[in-house]
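To start, the structure itself, in C-alpha cells.
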Amino acid sequence: EINRKANPYGKFLLAAVCAAGTIALCQAVYAAEPELYTATDLAMDTVVTESIYTTGEDVTGEIGTLLRKIESDWLSWTQEDSMIARINASEGQTMEVPDQLASYLEKVMQLSENSNGALDPTLGKVIRLWDIGGENPHIPDEYELKQLLALTGYEKVHLEGKKITLDEGCTLDLGAVGKGIGCAEITDYLQKQQKITAGLVNLGGSSVLTYGTKPDGSKWQIAITDPRDTEGDYLGAVALDGGEFLSTSGDYEKYFMEDGVRYHHILDPRTGSPAHSDVAGVTIVTKDGFLSDALSTACFVLGQEEGQQLLEKYDAEGLFIDHEGTITMTEGMRQYFHLSNSQK
Ligand code: ADP
Ligand code: MG
C-alpha cells in the first residue's frame, strides 16, 4: 500500500529530475555553441572592425572603449593629460609611467637600438611639421626641418624601469606602435573573458589580431593590399591561427603627391623625410601584437635586406613588396601567404 502510494510521487520526481536534467543538458550544449558578434567602431584615428565568438554577452563595444582609453590615458599627443603628452611637457624632468606602459617603452627602445634607429620614437615634431594625413600636408622648409631633426634620436630617451627622462626639446611619439599596443592590450582583455572563444580585430587594415579557433576550425584570412592598386584587387591573403598578429606598413596608407613625387607618412629618421627604401609595402606576422606593428615600420625604413636581418632577431616573418610589385618573403612566411586568384 505504502509503496503504491509513494509510486506516483516517485514517478513525478523522476520525471521532474529528467526534465531538469534535459534542460540543463540543453543549456550546456547551447552554452557551448558560441555566437558571433560583429561591430565597426572608430578609435586610434581609424576604422576598427571586430568579429568576436562568445558564449556570453556581446563585448564588441568594450573593445572600442579599451582602444580609446589607451589613446587618452597613454598615447595621445593632443589630450593634455595622456602620459605621452605629460612626458613631452616635462622639459627634461624625470617622469614615472605606469608599469604596463613602461614595458612597452622598454620594447620600443630595444627595437630602436636593434634597428639602428630606423624605428625612432622621437620623430613627433618632424611628423607634425610634414602633417602627412593631417589638414595641411606640405613639404617643410629645409631649415625648419633641420632644426627639429636635431632634437630627435632614440638615444635622447633615458628609460630606467618606470622612470623616463627626455633630453631637452626631445618629444615622444608612439604612432608607429600605437595599434600594436592596442592589439596586445585587447588580447589581454580577451584572455580574461572566459566566455570568449575566438575573435579577430582589425585596426584600419594595418594591424590585425587573431584570437582562438573559429567554431568551424578554419583559419583567419586577412587580405593583403596591392601597394599600387589599393582600391582594386588584393594581392593575396595571409591565413593565421589564433594568437598570431599581422601588421602592414606602406607608402600608400597616408601620403600626398607633389610634382609626381609621393610623400608618405613613414619617415627616415636620418633625413626627416619620407623613407625611400626598396619597399613599397611590408607585412609582418608574429605572435606578439606590439612587435608586428613595430617591426613593420622598422622594416619599411630599413628595406628588404636589412629588414629581413632584423626579423631574424625577433623570430618574425615578413613579406616585402617592392616598387615594381615584386614580392620577397622570409622562408616562414610561405606557410601563411597565398596569392589571390587574379594575381596567379
Ligand atoms: P600606421 O599608420 O598603419 O600605424 P605605421 O605603423 O607604419 O603605420 O606607423 C606610421 C606612423 O609612425 C606615422 O604616421 C608616424 O606617426 C610614425 N612614424 C613615421 N616614421 C617613423 C619612424 N621612422 N619611426 C617611428 N615612428 C615613425
Ligand atoms: Mg607600425
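In listed order, ligands and their atoms are each counted from 1.
Which parts of ligand 1 touch Pro269 is read off a 4.0 Å heavy-atom cut-off, strictly below it: atoms 23 (N). Every atom of ligand 1 is numbered from 1 in the order shown, and the set under 4.0 Å from a heavy atom of Leu119 is 24 (N), 25 (C).
Nearest heavy atoms, Phe300 versus Ser249: CD1-O, 3.7 Å.
By the 3.5 Å distance cut-off applied to N or O atoms, Pro121 is not counted among the residues near ligand 1. Between Ser249 and ligand 1, at least one N/O pair is under 3.5 Å apart.
When only non-hydrogen protein atoms are considered, atom 9 (O) of ligand 1 lies nearest to Ala176 CA, 3.4 Å. For atom 19 (C) of ligand 1, the nearest non-hydrogen atom of the protein is His265 O, 3.2 Å. With respect to atom 5 (P) of ligand 1, the closest heavy atom belonging to the protein is Thr297 OG1, 3.3 Å. Closest to atom 1 (P) of ligand 1 among all protein heavy atoms lies Lys179 NZ, 3.5 Å. Closest protein heavy atom to atom 20 (N) of ligand 1: Leu267 N, 2.9 Å. Looking at atom 6 (O) of ligand 1, its nearest protein heavy atom turns out to be Asp293 OD1, 2.9 Å. Counting only heavy atoms of the protein, atom 25 (C) of ligand 1 lies nearest to Asp120 O, 3.1 Å. Nearest non-hydrogen protein atom to atom 17 (C) of ligand 1 is Ile127 CD1, 3.6 Å.
In Ala118, the part holding a heavy atom less than 4.0 Å from any atom of ligand 1 is the backbone. Contact annotation for Ser206 and ligand 1: only side-chain heavy atoms (C-beta onward) come within less than 4.0 Å of the ligand.
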Problem set entry | salt bridge (Lys or Arg N to Asp or Glu O under 4.0 Å) between Asp41 and Arg68, worked out | CA-CA 10 Å; Asp41 208 336; Arg68 285 185 289 275; 3.0 Å; yes

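Across the listed options Leu123, Leu111, Val177, Val126, Leu123 owns the non-hydrogen atom lying nearest to atom 22 (C) of ligand 1.
Note on ring orientation: taking the six-membered ring where Trp is involved, the planes of Tyr263 and Phe256 are parallel (angle under 30°, cut-offs 30° and 60°).
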